[in-house]
Amino acid sequence: MQETKFEKLHLSRKVQKALDTMGFEELTPIQEQAIPLVLGGSDIIGQAQTGTGKTAAFGIPLIELVDAKVKQTEALVLCPTRELAVQVASELRKLARYRKDIIIIPVYGGQSIRPQIASLKKGVHIVVGTPGRMIDHMRRRTIKLGTVTKVVLDEADEMLDMGFLEDIETILDGTAANRQTLLFSATMPESIRRLAGRYQKDPSHVKVVGEELTVSEVEQSYIEARPGKKLNLLRKIVDNYKFSSSLVFCNTKRCVDDVARDLKALGYDTESIHGDMTQGQRERVMANFKRGRSTILVATDVAARGIDVSCIEAVINYDIPRDDQYYVHRIGRTARMGKTGYAFTIILPTEMGKLRDIKNYAKTEIKRHPPLSPEDEFTITAKPVTRRRVTYGRSRRR
Ligand code: ADP
Ligand code: MG
């Protein structure tokens, strides 16, 4: 491996110091490719799976490029959800922690608009917002986009999936014509290419999708469940491994509600998150999960996308993902930044073909998991992974 230290970029002293504080030493591949291009003023399309450090890939150059002396909005980052806007703004603030002269605020719905208006009035250099709330501010004329010369579309494919195309176009049309536009997307469907074609100038395509799409530090396995026995199997996985934090994926909100309710009733510290919840609910759930107050988070793909909880030990696909790409996104939630993780996929006998497709797409090995225990019995037969207790008093109730 060649030298990919941040020092090689010759960043400003203050940004380099922030990176040292954050413990960032080596550049991730997307950062290595994107940062010099963005610093040089190019438009880019950055394609990389989640957890590859895209935020710093655009955040570092944004902070270097912003002219803090001018009190006006120069950069705008659009994110699909409130959680992501908050998370991205917080990462940017960390990167700019020794640049107190740069003002960064998140702007999203579900939070009172008045303090946002007050902050915007005082002058903000980098706004991180959701498309809906940005449109709101444009209509109220509480944000001026004419001075925005750098726009980042983060998780662009997700924003389009959520129906934000028109809002994004309205926002982009309101920014400076000579702007630099950075588009980040895990996938490259036709709709993204069209958006790029219309709003970017000769973008460089920076792609980090290697031979192996999933992180190799993730031990991936599948376990077969008989129809109607998925919850049972989920409990066996959870009881056997005793992860201190795991993320369980369902394909629908309905399933998220059902699984979370059942696990809670069985005494597991479980929370759930999906798109229908209010902002307050989602924030509380994420905070509890990050602090370790809940050990199991049940989520839909959209709700969990991009959420960065660095300590997730296991991803459990309660439902096999509908889309091959979702598998890669889900698995990307664990084993972040060099840690090891586990990924389990529960499949029904009819879903073997689907599993094969996923393996081919992700170019990865998904091993058959050894049987956890005889059907319906809560004894452990698999190799112990962590300290385990063999008492299952709470699980007996059925
Ligand atoms: P993405 O947007 O690609 O999903 P993030 O930007 O959220 O990824 O980064 C994932 C995690 O990796 C974050 O916790 C971030 O702080 C960390 N990270 C990013 N770049 C580096 C780096 N060069 N070295 C160490 N950790 C990093
Ligand atoms: Mg991201």
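For ligands, and for the atoms within them, numbers begin at 1 and follow the listed sequence. Computed over heavy atoms, backbone and side chain alike; hydrogens, waters and symmetry mates excluded.
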- Which residues satisfy the side chain to side chain contact (heavy atoms under 4.5 Å, CB included) test with Glu224, sequence neighbours excluded? Tyr222, Ile347, Arg368
- Message: Between Gln116 and Arg133, is the side chain to side chain donor-acceptor pair (under 3.5 Å) condition met? List the steps.
- Response: CA-CA 10 Å; Gln116 291 177 0; Arg133 186 49 72 97; 3.0 Å; yes
- Give yes or no for whether the N/O distance cutoff of 3.5 Å, strictly under, is met between Lys54 and ligand 1. yes
- Query: Backbone or side chain, does any N or O of Met22 fall under 3.5 Å from an N or O of ligand 1?
  - Reply: no
- Task: Decide whether an N or O pair under 3.5 Å exists between Glu26 and ligand 1.
- Result: yes
- Query: With ring centroids as reference points, do Tyr326 and Phe249 lie under 6.0 angstrom apart?
  - Reply: no
- Task: Give the C-alpha distance, both sets of side-chain angles, the deciding distance and a yes or no for salt bridge (charged side-chain N to carboxylate O under 4.0 Å, His left out) between Asp136 and Arg139.
- Result: CA-CA 5 Å; Asp136 215 0; Arg139 291 218 182 95; 5.4 Å; no
- Item | Structural part of Phe6 in contact with ligand 1, heavy atom criterion under 4.0 angstrom | side chain
- Message: Which of the numbered atoms in ligand 1 are under 4.0 angstrom from any heavy atom belonging to Thr52?
- Response: 1 (P), 3 (O), 8 (O)
- Thr55 neighbourhood, listing ligand 1 atoms whose heavy-atom distance to it stays under 4.0 Å: 2 (O), 5 (P), 6 (O), 7 (O)
- Cation over ring, Lys54 on Phe184, under 6.0 Å and within 45°? no
- Message: Would Gln87 count as a polar contact of ligand 1, with the cut-off being nitrogen or oxygen pairs under 3.5 Å?
- Response: no
- Which of the atoms in ligand 1, numbered in the order shown and given with their element, are less than 4.0 Å from a heavy-atom of Glu91? 15 (C), 16 (O)
- ring-ring contact (aromatic ring centres under 6.0 Å, His included) involving Tyr108 - partner list, sequence neighbours excluded: none
